[in-house]
Amino acid sequence: MWSEPGAFEVAPGVHRIPLPLPNDGLRAVNVYAIEDGDGLVMVDSGWALDEARDQLEAALGTLNKGFEDIKRFLVTHVHRDHFTMAVALRRMFGAKIGLGLGEQPSLRHILHGQEDQHVDDLRKWGAAELAETWIKIMHHVNRDDALRDYEEPDEWLTPATIDLEHRRLEVVPTPGHTRGHVVFVDHTAKVLFSGDHVLPHITPSIGFEPLRPELPLGDYMTSLRLTRELPDLKLLPAHGPVTDSSHARVDELLHHHEQRLEEILKAVSGSAFETARKIGWTRRQRRFDDLDMFNQVLAIGETAAHLDVLVERGELTRTVNAGVLEYHV
């Protein structure tokens with residue numbers, strides 16, 4: 001099982017370390033320890049949880065390393081399970097953090113304590129009742145705790161190469177899962193640190209972030225095509241096992257979204273909320289009403305993302321009725 005604890009060498013000097021998450025939906029998050037001279041560079045960091053910290057410390061110990069040996073965190077995106085452990089460890093050990101420049105608006109939105117746009121989005125997508133449920137549940141989340149998990153990085157990453165002692169990483173922006181997501185390419189080792197951009201078994205959520213861009217699925221599919229133009233690389237994902245071909249999985253993801261666009265075009269029923277209720281979810285084709293609240297929010301947002309691409313392609317029109325976006329063939 002890919003989520004079992006430990007440190008697993010997946011390329012010369014590169015070790016995959018799965019860390020636990022607070023729920024079992026994704027099982028674990030992979031972070032990667034890259035040997036760099038007498039220290040380590042980490043790609044992603046995990047969620048700032050005591051259990052995850054202990055598991056990371058134990059895994060590094062099998063490499064005869066500790067937290068003090070981490071020189072730098074290179075973070076693919078701002079979601080908690082990738083970013084917040086880096087912040088916690090920097091406070092104690094001083095490692096530097098790099099994050100994609102495109103995440104700057106979302107991170108500063110969080111740091112300023114501003115409300116995310118999920119409630120407004122749910123209302124405009126026709127899910128006003130779900131928006132009220134979201135408010136009630138999220139009201140119990142301590143905003144101060146959320147703010148304590150985040151700080152600005154030491155470096156905002158842009159398209160460039162990062163020279164380590166014995167290898168070079170290329171930073172490639174891949175907006176879609178979030179607006180500032182980046183991947184890292186080691187052309188010599190022929191590996192792609194793909195974060196949540198390309199996952200082997202699931203499709204990443206699209207546009208679930210504090211500041212949703214105008215066309216997140218369009219951004220994501222453009223980023224997939226950009227990734228397809230890179231050499232075919234070993235895929236080192238944030239969730240799931242390592243696989244041998246980035247091209248094969250990118251092709252599957254592009255095909256999946258084209259199929260999903262066709263399905264949603266046939267099912268379109270006014271608002272994103274009503275359309276989401278007419279299609280199946282997950283590989284098991286679960287009914288929308290059987291999903292928990294969080295996954296219902298994700299489902300509506302992804303339906304809206306597909307509907308907006310269909311509008312962009314000229315296959316649907318979009319109107320506003322009493323504040324709700326409605327889509328029509």
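What you see is a predicted model, and the numbers here were worked out from it, not measured in a lab.
Y32 is connected to L169 through a chain of hydrophobic side-chain contacts under 4.5 Å among Ile, Leu, Val, Met, Phe, Trp and Tyr, so both are in one cluster. Placement of V182 and V172 in two distinct hydrophobic clusters is found when ILVMFWY residues are connected by side-chain heavy-atom separations under 4.5 Å, directly or transitively. Hydrophobic clustering (side-chain heavy atoms under 4.5 Å, transitive across Ile, Leu, Val, Met, Phe, Trp, Tyr) keeps V324 apart from W134.
With no hydrogens or angles considered, no side-chain donor-acceptor pair links H239 and R27 at under 3.5 Å. In this model, a donor atom of one side chain and an acceptor atom of the other lie less than 3.5 Å apart for T227 and H197. No hydrogens or angles considered: a donor-acceptor pair under 3.5 Å links the side chains of T178 and E103.
Between V198 and L224 the shortest side-chain heavy-atom distance falls below 4.5 Å.
We find that E9 and R16 are not joined by a salt bridge, their nearest charged nitrogen and carboxylate oxygen being 4.0 Å or further apart. Ion pairing between R90 and D154 holds under the 4.0 Å rule for side-chain N and carboxylate O. Ionic pairing of R123 and E129 is not present here: no N-O contact between side-chain nitrogen and carboxylate oxygen is shorter than 4.0 angstrom. Between R80 and D149, at least one side-chain N (NZ, or NE/NH1/NH2) sits under 4.0 Å from a carboxylate O, which counts as a salt bridge. A salt bridge is absent between K65 and E35; no separation between the charged side-chain nitrogens and carboxylate oxygens falls under 4.0 Å. Between E152 and R108, at least one side-chain nitrogen of the basic residue sits less than 4.0 Å from a carboxylate oxygen of the acidic one, meeting the salt-bridge criterion.
In this structure, E170 contributes its side chain and H187 its backbone to no donor-acceptor pair below 3.5 Å. Between the side chain of T243 and the backbone N or O of P200, no donor-acceptor pair lies under 3.5 Å.
Other residues, nucleotides and ligands contribute only 12 or fewer heavy atoms inside 6.0 Å of the CG atom of D50. Around the CD atom of E258, the shell of radius 6.0 Å holds more than 12 heavy atoms that belong to other residues, nucleotides or ligands. Counting non-hydrogen atoms of other residues, nucleotides and ligands closer than 6.0 Å to CD of E263 gives a total above 12. Under a cut-off of 6.0 angstrom, the local environment of CD in E214 is sparse, with at most 12 non-hydrogen atoms contributed by other residues, nucleotides or ligands. The neighbour count for R284 CZ, taken as heavy atoms of other residues, nucleotides or ligands under 6.0 Å away, does not exceed 12.
Among residue pairs with one or both ends in residues 304-325, those qualifying as ring-ring contact (aromatic ring centres under 6.0 Å, His included) are H257-H306; sequence neighbours excluded.
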Practice item. Could you please spell out the steps behind the salt bridge (charged side-chain N to carboxylate O under 4.0 Å, His left out) verdict for R228 and D251? Key: CA-CA 8 Å; R228 187 61 170 79; D251 290 343; 2.8 Å; yes

**Study point:** Audit row: D36, R167, salt bridge (charged side-chain N to carboxylate O under 4.0 Å, His left out) steps and yes/no
**Key:** CA-CA 8 Å; D36 187 41; R167 72 181 70 225; over 6 Å; no

Review point. Can you check salt bridge (charged side-chain N to carboxylate O under 4.0 Å, His left out) on R72 and E155, steps first, answer last?
Key: CA-CA 10 Å; R72 190 176 191 181; E155 177 185 11; 2.9 Å; yes

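Ring pair Y150/F83 is parallel by interplanar angle, where below 30° counts as parallel and above 60° as perpendicular. Ring orientation note: the planes of H79 and H177 are nearly perpendicular, at an angle over 60° on the 30°/60° scale.
Judged by a 6.0 Å distance limit and a 45° cone about the ring axis, R277 is not positioned over the six-membered ring of W125.
Each of T317, L265, L217, V329 was scored for a side-chain contact (heavy atoms from CB on, under 4.5 Å) with L310, with one residue passing: L265.
Taking all atoms of both residues into account, the shortest heavy-atom contact from L192 to S246 is CD2-CB, 4.0 Å.
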